[in-house]
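These notes concern the structure reproduced below.
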Amino acid sequence: WYINGSNKSIGISKWDAYSQYLAYHDGRGGFKRKTYAKNPTLISIARKVETTSKNYGWQLKKCRAELEDNRSWF
C-alpha cells in the first residue's frame, strides 16, 4: 500500500527500491525535500536495499524460467 501510494502521490516507480526506501524512511514529504541527502548512512542502506531487490528479481526470474523448462516438478 505504501509503494502504491508513493507511486500515485509523488511519482516514484513501483520498481525503484532505492527511492521507495528513502520515501518510506523519511516520509513522502521528506523525500520530496531530499532530507535523505544529508545522511550518507541512509543512502548507503538504500543502495543495499536496491541491490537486494535486484538480486531477488533475478532469482525469481531464474526460478520461473527453470520451472517453465522442467514441468515435471508438478
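Please read all numbers here as calculations on a predicted model, not as lab measurements.
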### Message
Angle between ring planes, Phe31 versus Tyr36, binned at 30° and 60°: parallel, tilted or perpendicular?
### Response
parallel

### Query
Do we see a donor-acceptor contact under 3.5 Å between the side chains of Asp16 and Ser19?
yes

Side-chain donor-acceptor distances from residues 54-64 under 3.5 Å, at least two apart:
{"unit_1": "Asn55", "atom_1": "ND2", "unit_2": "Thr51", "atom_2": "O", "d": "3.4"}

### Query
Looking at Tyr21, is Arg47 sitting on its ring face, NZ or CZ under 6.0 Å from the six-membered ring centre and within 45 degrees of the normal?
no

### Query
Distance from Lys32 atom NZ to Ser6 atom OG, nearest 0.5 Å?
11.0 Å

### Query
Does the side-chain contact (heavy atoms from CB on, under 4.5 Å) test come out yes or no for Asn7 and Ile12, once each step is laid out?
CA-CA 5 Å; Asn7 174 256; Ile12 300 173; 5.7 Å; no

### Message
Using modelled atom types and a 3.5 Å cut-off, is there a donor and acceptor pairing between side-chain atoms of Gln20 and backbone atoms of Ser13?
### Response
yes

### Query
Shared ILVMFWY cluster between Tyr18 and Ile10, side chains joined below 4.5 angstrom?
yes

### Query
Do Leu42 and Asp26 come close enough that some side-chain heavy atom pair is under 4.5 Å?
yes

### Query
Between the side chain of Ser53 and the main-chain N/O of Val49, is any donor-acceptor distance below 3.5 Å?
no

### Task
Supply the atom-to-atom distance Lys48 NZ to Ile43 CD1, rounded to the nearest 0.5 angstrom.
13.5 Å

